[in-house]
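Quantities reported herein were computed from a predicted structural model and do not represent experimental measurements. Hydrogens, waters and symmetry mates play no part in the numbers below; they use all other heavy atoms, side chains included. Protein chains get the first letters and strands the later ones, always in sequence-line order, with residue 1 at the start of each.
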There are 2 protein chains.
Amino acid sequence: MRLSRKSEYGLRALLELTKAYDQVALRRSDIAEAQHIPVGFLETILLELKRAGILGSRPGVQGGYRLIKPPEDVLVGQVIRILDGPLAPIPCVSQTAYQTCQDCPYSEARDCPIQNVMFDVRNAIAGVLDGYTLRAFSERGRNRRVGKSPQHRGNNAWSRTQ
Amino acid sequence: MRLSRKSEYGLRALLELTKAYDQVALRRSDIAEAQHIPVGFLETILLELKRAGILGSRPGVQGGYRLIKPPEDVLVGQVIRILDGPLAPIPCVSQTAYQTCQDCPYSEARDCPIQNVMFDVRNAIAGVLDGYTLRAFSERGRNRRVGKSPQHRGNNAWSRTQ
DNA sequence: ATATTGTTTAGAAAAATTATTAAGAATTAT
DNA sequence: ATAATTCTTAATAATTTTTCTAAACAATAT
């Protein structure tokens, strides 16, 4: 039940990008240094977040990565799903990537004990992780799962996809 | 956030052993067949559960493995901790195997956003998994987290350790 | 043009997971 | 005692996943 390094790095990067939201772009090397993340690995992480529409980027001087969604609109659970896949402990209880079990003696009976327990676990995990916005997450206070505050979108021409 | 094969197999094996509780011993090959588990892998799993004091075993004819703790006294969370280690997504929020983070920029500030979120996740997971006894688990009904029923311990001379 | 910075793909290295093997020891039945 | 059965142990092989690196390429601003 472990959080991957990848997701941890991704969240730490987003911490920096949330601080800089609507202000400056951060180069991957800036983020890597601030958060002690291997720069090459960080690269692949940032690109995945970009493809998912959370980050934008621009090459060249003054370039770098930016958060293009308001931090009030991004959930920690979404970030982990992007980087690590479904939150569910087993595929047969995933909401976002359901798969039937093969070789499970209960798969036909429709009443599998493991599925029942893990269904609750999935919901418990998703309940917590989808209860934190990036903003609440970055503000650190325990359990500060704040609602949305007025969105002031910056007008940016940053690439949303590709 | 995935449940390992090992824990899944272990729980499935315990399903069989709970059914047979206070009645018969099951050979590893019986369990392996009933639950479609590779017999060699199952072996190492059963032994870990034995070392942890949950199972007893005896060689020879009529031998096999038995549950030596009442299924009302064993929690699903305990089983997964034995087989997979701590439930916590990251070591710095584990109750049973706490470890400080190294290289985490927040580790000294005592106010790490990741730690805060993952603390909640750990509690959510443990809350569910420690809410199911083996008995409730094996009886399959959704959310049937029953309290303890009268314990009728069988008098057995089965090895508890070694 | 040139320096800067992101993009993409491929894949190497390391670690963890999953599984197997084989020699050995305990128990029961005869 | 002997043999058949079954668990025991340790080593390690195979596979998969995770983590990370490299290098050629493309876009941007000055």
For a quick test of your reading: what N or O donor-acceptor pairs under 3.5 Å do the side chains of residues 85-94 of chain B make, sequence neighbours left out?
| from | atom 1 | to | atom 2 | distance (Å) |
| --- | --- | --- | --- | --- |
| Ser94(B) | OG | Thr96(B) | N | 3.2 |
| Ser94(B) | OG | Ala97(B) | N | 2.7 |

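Using a 4.5 Å cut-off on side-chain heavy atoms (C-beta onward), Met1(A) and Val121(A) make contact. Taking the side chain as every heavy atom from C-beta outward, Glu48(B) and Ile45(B) never approach each other to under 4.5 Å.
Taking the charged nitrogens against the carboxylate oxygens, Glu16(A) and Arg12(A) have no contact shorter than 4.0 Å, which rules out a salt bridge. A salt bridge links Asp130(A) to Arg81(A): one of the charged nitrogens lies within less than 4.0 Å of a carboxylate oxygen.
Rounded to an integer number of Å, the gap from CG of Leu55(B) to P of dT6(D) is 18 Å. Atom pair Asp30(B):CG and dT5(D):C1' shows a separation of 13 Å (rounding to whole Å applied). In this structure, Leu47(B) places its CG atom 12 Å from C1' of dT6(D), rounding to the nearest Å. For Ile45(A) and dC20(D), the CD1 to P distance is 8 Å, given to the nearest whole Å.
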_Where protein sits on nucleotides 12-30 of chain C, one letter per nucleotide: B base, S sugar-phosphate only, - none, heavy atoms under 4.0 Å_ = ------SBBB----BBS--
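One finds a side-chain N or O of Ser57(A) lying less than 4.0 angstrom from the OP1 or OP2 phosphate oxygen of dT7(C).
Using a 3.5 Å distance cut-off with no hydrogens or angles, the side chains of Tyr132(A) and Asn116(B) do not pair a donor with an acceptor.
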